[in-house]
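Presented below is the structure to which this report refers.
Here the structure is a predicted model, which is why all the values come from computation and not from measurement.
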Amino acid sequence: MIVPFRFYQPFRLSDSVAQTLIVEGYLNQTVVQPRLHLTNRSSFATLQVDITETENLGLSADPLLTGQTTVARVSYKLPPGGALWHAVSVPFLEPYSQTNATIPSMYHTVRIQNLAASPTVDDVLGVALYGLFEDAYGNQSRSPTVI
């Protein structure tokens with residue numbers, strides 16, 4: 001059964017040092033039709049949001065079939081109280097881990113930087129991911145007991 005998936009992670013941006021997250025690093029299952037929703041919950045701070053897509057070609061003896069290719073997908077100044085929707089261009093997202101064996105063929109990095117003149121700990125970016133995943137065990141149909 002296909003069920004909706006929602007993931008939410010708030011980030012406190014107390015200084016001008018950028019924070020990064022890998023979207024696939026928060027997944028524990030494959031998500032289909034992913035859409036990323038970013039919300040600036042600050043009352044005065046503008047946030048710089050950059051989303052990059054990295055294609056991991058893995059290791060190979062052929063130099064054209066090895067390494068990683070990174071493409072910038074979004075570079076946007078998110079105003080106070082603003083929101084941004086980004087439809088992820090790949091058909092599905094796979095879980096990401098730091099070990100080389102479980103790095104997916106494509107993953108997305110979100111970089112956030114607080115552009116306020118005097119940043120405070122109240123400047124928060126909400127990152128949410130929406131999509132679908134297959135639940136093989138939940139909500140199964142129940143047949144009546146036959147005696």
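Annotation: side chain of Glu55 is not in contact with side chain of Gln68 (no heavy-atom distance under 4.5 Å). Put simply, the side chain of Val23 reaches to within 4.5 Å of the side chain of Leu93, judged on heavy atoms. Between Leu21 and Val127, the closest side-chain pair of non-hydrogen atoms falls below 4.5 Å. Taking 4.5 Å as the limit, every side-chain heavy atom of Pro10 sits out of range of all side-chain heavy atoms of Arg41. Leu84 places a side-chain heavy atom less than 4.5 Å from the side chain of Tyr76. Asp50 places none of its side-chain heavy atoms less than 4.5 Å from the side chain of Ile112.
Residues Val90 and Ile51 share a hydrophobic cluster, clusters being chains of Ile/Leu/Val/Met/Phe/Trp/Tyr side chains in contact below 4.5 Å. Note on Tyr130: it does not cluster hydrophobically with Val88, by side-chain heavy-atom contacts below 4.5 Å among ILVMFWY residues.
Residues Pro80 and Ala45 approach most closely at CG-O, 3.6 Å, considering heavy atoms. Looking at every heavy atom in both residues, Asn40 comes nearest to Thr46 through ND2-CA, 4.2 Å.
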Quick one: side chains of residues 24-37, donor-acceptor pairs under 3.5 Å with protein atoms, not counting sequence neighbours, listed by atom name and distance.
| from | atom 1 | to | atom 2 | distance (Å) |
| --- | --- | --- | --- | --- |
| Glu24 | OE1 | His108 | N | 2.9 |
| Glu24 | OE2 | His108 | N | 3.4 |
| Glu24 | OE2 | His108 | ND1 | 2.9 |
| His37 | ND1 | Thr39 | OG1 | 3.4 |

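Note that OG1 of Thr54 and OH of Tyr107 are 4.5 Å apart. Values are rounded to the nearest 0.5 Å. For the atom pair Thr69 OG1 and Met106 CE, the distance stands at 9.0 Å (nearest 0.5 Å). Taking CD of Glu94 as the reference point, atom OG of Ser105 lies at 5.0 Å (rounded to 0.5 Å).
Side chain of Gln19 to main chain of Asn114: no donor-acceptor pair is present (N/O by atom type, distance under 3.5 Å, no hydrogens or angles).
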Apply the test side-chain hydrogen bond (donor to acceptor under 3.5 Å, both in side chains) to residues Glu53 and Thr70: give CA-CA distance (whole Å), side-chain angles for both, the deciding distance (0.1 Å), then the verdict. CA-CA 6 Å; Glu53 183 178 271; Thr70 302; over 6 Å; no
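Checking each of Leu125, Val124, Leu115 against Leu47 for a side-chain contact (heavy atoms from CB on, under 4.5 Å) leaves exactly one that passes, namely Leu125.
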